[in-house]
Number of protein chains: 2
Amino acid sequence: MKEGPDIAQIGALIGDPARANMLAALTGGRALTATELAGVGGITLQTASTHLAKLEAGGLLAQRKQGRHRYFTLADEAVARLIESMMGFAAGRGHLRHRPGPKEPALRKARICYDHLAGDYGVRMLDSLIASGTIAAVGDGLRLTEKGESHLKCIGIDVGDLRSSRRPLCRSCLDWSERRAHLAGSLGKALLSSFLDKGWARRTAESRSILFSPEGDRQFLRLFPVQG
Amino acid sequence: MKEGPDIAQIGALIGDPARANMLAALTGGRALTATELAGVGGITLQTASTHLAKLEAGGLLAQRKQGRHRYFTLADEAVARLIESMMGFAAGRGHLRHRPGPKEPALRKARICYDHLAGDYGVRMLDSLIASGTIAAVGDGLRLTEKGESHLKCIGIDVGDLRSSRRPLCRSCLDWSERRAHLAGSLGKALLSSFLDKGWARRTAESRSILFSPEGDRQFLRLFPVQG
DNA sequence: TTCATACTTCGATCGTAACCGAAGCATTGT
DNA sequence: ACAATGCTTCGGTTACGATCGAAGTATGAA
């Protein structure tokens, strides 16, 4: 009768609008304080506190104390992938929260997903990396090729440093706006970081969208061409 | 900051234990009736009905009316993938539940569905009848061919007698163990009756399963071969 | 027709959880 | 020391939805 893992608890945690808003905001990768998350959820600090406690107890959030503040983040990348996949599903059913506003196109073009690049640009990047033989698609997963490792070194990414982490190097993450995979994992993170470091792009204050400068746009499109 | 699709609605739909149990049951791919799903969810038929209406309105379920029954299935493969991914996530967090005992293989092999043959054998029979040109699939429905009528006479089925009934001769019936169509209608009933009359098979007392004798098994498989 | 089955809708109860005001820690700054 | 900020806990209200009994609808069988 009752089979398998209990998805109801997870669903109920995400099922509250205030909590869903908080989780969506945290998918941006930034650590946010309880006060900021209360604002995101449209609730008072007291209510937010109880919500955050539930999310943490459910294993969706992690918190770290820092002075008077408590910074909340998603527990790990698996949570981010779950939220993204649910967004993709909801988008496909037309469960949109609001009519596509002015911020929507920017969000679809390039945004941050936990700590890596998503949206049209994220999908394009992975497509290009596969086409150039840098990354190989093995079944459902992704693998960095030997040739790819040297190729990335030319871009300024030292894969050796990334391997030291226990986190997987390459991971596929389903994109809710494109409904196709983009690159997650420590390599995905490193690539986005390098774009930001080089000044090609910058994060926006309140949104998940990532804005490319005209020069950064050119460099990105040159570095990750798309055939056809 | 409200960005992107609304995951709270989806989460809330999955967040109720009864609904989660129903969805998990339907992830098996079989179509289930409202009554069966009520049993799965541990609730009464009335409550199940409202839950199913909500799930359908939310785009998670599709239903197919068939006589007095309403067969529910997951709306499409995307729903199945969502449930699967949530199960995977929940399993990773240790949100586990018990695994049930063994299923009933006999019920899956052959059982009675109202008055006709269902299960693996039922699906095989219809497949074979279509392959041999006895029955033609016309759109969603089924039609007996002219050649088929004489073919059935050889088996001992007089179609003329069946036509006198107001009941449709051929009807497609969705199989809940195979999730594919088998043959219903007065012809389906007549075929099963002939198997029982010939002693090829017999009904069991308490179960809906139909037990074929070794000889009946051989005759059935000879009469309804399957290619490939 | 009449009866039985499968399901839906109505109505009402009831439990839970979301919510906020107020008070209670905890940390930092002065 | 005291005040200010950030957050949690407590208490009480409120609102929503899950639940089921009973009545209503639809389909099939006799």
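Here is how names work: the chains are called A, B, and so on, in the same order as the sequence lines, proteins then strands, and each is numbered from 1. Values below: every heavy atom of this structure, side chains too, minus hydrogens, waters and symmetry copies.
- Note: CZ (B/Arg68) to P (D/dA29) measures 6 Å, nearest angstrom.
- A/His51 contributes atom NE2, which lies 11.5 Å from atom CG of A/Leu37 (distance to the nearest 0.5 angstrom).
- Aromatic ring orientation, B/Phe195 versus B/Trp200: parallel (interplanar angle below 30°, classes split at 30° and 60°).
- Regarding B/Gln66, its CD atom lies at a distance of 10 Å from the P atom of D/dG28, rounded to whole Å.
- Taking the ring centroids of B/Tyr121 and B/Phe212, they lie under the 6.0 Å cut-off.
- Look at A/Arg70 and you won't find any side-chain N or O under 4.0 angstrom from OP1 or OP2 of C/dA26.
- In this entry the distance linking CG of B/Leu45 with P of C/dT8 reads 7 Å, nearest Å.
- Applying side-chain contact (heavy atoms from CB on, under 4.5 Å) to A/Ile83 and the options A/Leu23, A/Leu60, A/Leu26 leaves one that passes, A/Leu23.
- Within 4.0 Å (heavy atoms only), A/Thr47 reaches at least one base atom of the nucleic acid.
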**Steps toward side chain to side chain donor-acceptor pair (under 3.5 Å) verdict (A/His69, A/Thr33)** = CA-CA 6 Å; A/His69 298 275; A/Thr33 65; 5.1 Å; no
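- Mapping A/Lys65 and A/Asp16 onto DNA chain C via the closest heavy atom, the residue that lands nearer the 5' end is A/Asp16.
- Summary of the strand contacts: A/Gln63 and B/Ala18 both lie near DNA chain D, and taking for each the nucleotide with the nearest heavy atom, the more 5' one is attributed to A/Gln63.
- Between the C1' atom of C/dC7 and the OH atom of B/Tyr71 lies a distance of 14 Å, rounded to the nearest Å.
- Taking 4.0 angstrom as the limit, A/His51 places a side-chain polar atom (N or O) nearer than this to OP1 or OP2 of C/dC19.
- B/Leu32 has its CG atom 11 Å from the P atom of C/dC7, to the nearest Å.
- One interatomic measurement links the two molecules: CD of A/Gln46 to P of C/dA18, which rounds to 15 Å at whole-angstrom precision.
- The NE2-P distance, from A/His69 to D/dG6, rounds to 5 Å in whole Å.
- In terms of position along DNA chain C, the nucleotide closest to B/Leu52 lies nearer the 5' end than the nucleotide closest to the other residue of the pair B/Leu52 and A/Gly42.
- Atom NZ in A/Lys54 sits roughly 6 Å away from atom P in C/dA17 (whole-Å rounding).
- Distances shorter than 4.0 Å separate some side-chain N or O of A/Thr35 from OP1 or OP2 on D/dC7.
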